[in-house]
Amino acid sequence: MGKSSTKKLKRRHHTVPRLLLRRFADGEQIMRVPLDGGERRSVGIADVTVHRNFYSMVDKNGQLDDTAEDLLAELEGKAAKVIREVVNGVWPLPITERAVLAEWIAAQHARIPAARKANNEIADHLGKVVIAMGGKPEIRRRLEEDAQEPVSDEKVEALWRELTDFDGYYAEMSVNDHMAAMGQSMKTAYEVFMARSWGLIKFNRRTLLVPDHPVTLVRGEEIPSFRGIGNAAAILVPIDRRAAIMMASPGHDDFFVRTHTKLAKELNQRFADNARKELFHHPDDNPLEGVELPPTRDREMQISRPPEGYLMPDGPSDAFKSAMSDGSEPPPDAKAPRMAG
């Protein structure tokens, strides 16, 4: 990292790339549909899905570094060429172009605000569970590590009350940690995407919408425990107002998907359901016909048990410690939280 101080930093980062928004726009204008009941209106693509410094890391000198934004822009330039080829009739894709598009879709899967929010929710929850289960003995131990004199019971009690006021604070990962997680997520997603069979869905008359979180996972009815891209029944990605890619199970040649009106409606409903705050479409299109808009989504994780359910003021019991040391099942009241996306 580290850039010349004379180079102006990119501060306004699109979480849905402009190359994709343009495929659904009339020039530079696109129809924005907010999920909170706000006005549907035509807006400039330069001003939607923009987050300030979203991909800016902090270098060793404490300065913002937008190298990641530059790398994403470079990838988008390569992907734009491949998407044009697909829309113009190239299918199946040669392996090199397929790899470019897989990497771009992997980036789109990892770069969205929902991924960052999910990481924060997990970090916040697990951090609070550790505090709850460690109890006052763990707080005392940590205080004594840096203390020059004995730590009073009053100080331990005060910090315990503060840290177990779980609604009073929210812990977040640093942007650098998020970007590291994003890189790993991209690598995993790319491998999954390349292993799958790809189908091209291309409409002549019907049109599609694009949500603020474009990579949509389809859960199979036979899957008891849904874990994301690894066991999704299908992965859907709109790449143009009349085209989308479906990633199906591995082991088959890439294929064309037979299109019809019902399929267009089903896709648009799935894309709408994957939106968090807003979705977009071409100003001349009406892909929302027959689509039920979901409410805005405020959380990414479903947590079965709040941190308060793990409170152990006096620290872990002997039974818990024994269970942890010998690898056996912990007592029912001490099991780790279950989370589902």
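We count residues from 1, following the sequence as given. Excluded from the calculations below are hydrogen atoms, water molecules and symmetry mates; all remaining heavy atoms, backbone and side chain alike, are included. Everything numeric here is computed off the predicted structure, so don't read it as measured data.
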Expected output: side-chain D59 to main-chain D65 donor-acceptor under 3.5 Å: no
Test: D165 and R161 ion pair at under 4.0 Å: no
Considering all heavy atoms, the nearest V291-A272 contact: CG1-CB, 3.8 Å
Row check, Y55 ring normal vs K10 NZ/CZ: under 6.0 Å, within 45°: no
E138/R141 salt bridge by N-O under 4.0 Å criterion: yes
W91 and W198 aromatic ring geometry - parallel, tilted or perpendicular at 30°/60° bounds: parallel
Any side-chain donor near an acceptor of the partner, N176 and S174, under 3.5 Å: no
Test item: R98 and D254 side chains (from C-beta on) under 4.5 Å apart, heavy atoms: yes
Salt-bridge contact D153-K136 (side-chain N to carboxylate O under 4.0 Å): no
salt_bridge(E76, R18) N-O dist < 4.0 Å: no
Carboxylate-amine/guanidinium proximity below 4.0 Å for D240 and K202: no
Under-4.0 Å salt bridge between E300 and K117: no
Charged N-O contact under 4.0 Å between E266 and K262: no
Nearest heavy atoms of F54 and P113, plus distance in Å: CZ-CA, 3.8 Å
Spatial distance of atom CZ (F24) from atom NE2 (H281) [nearest 0.5 Å]: 11.5 Å
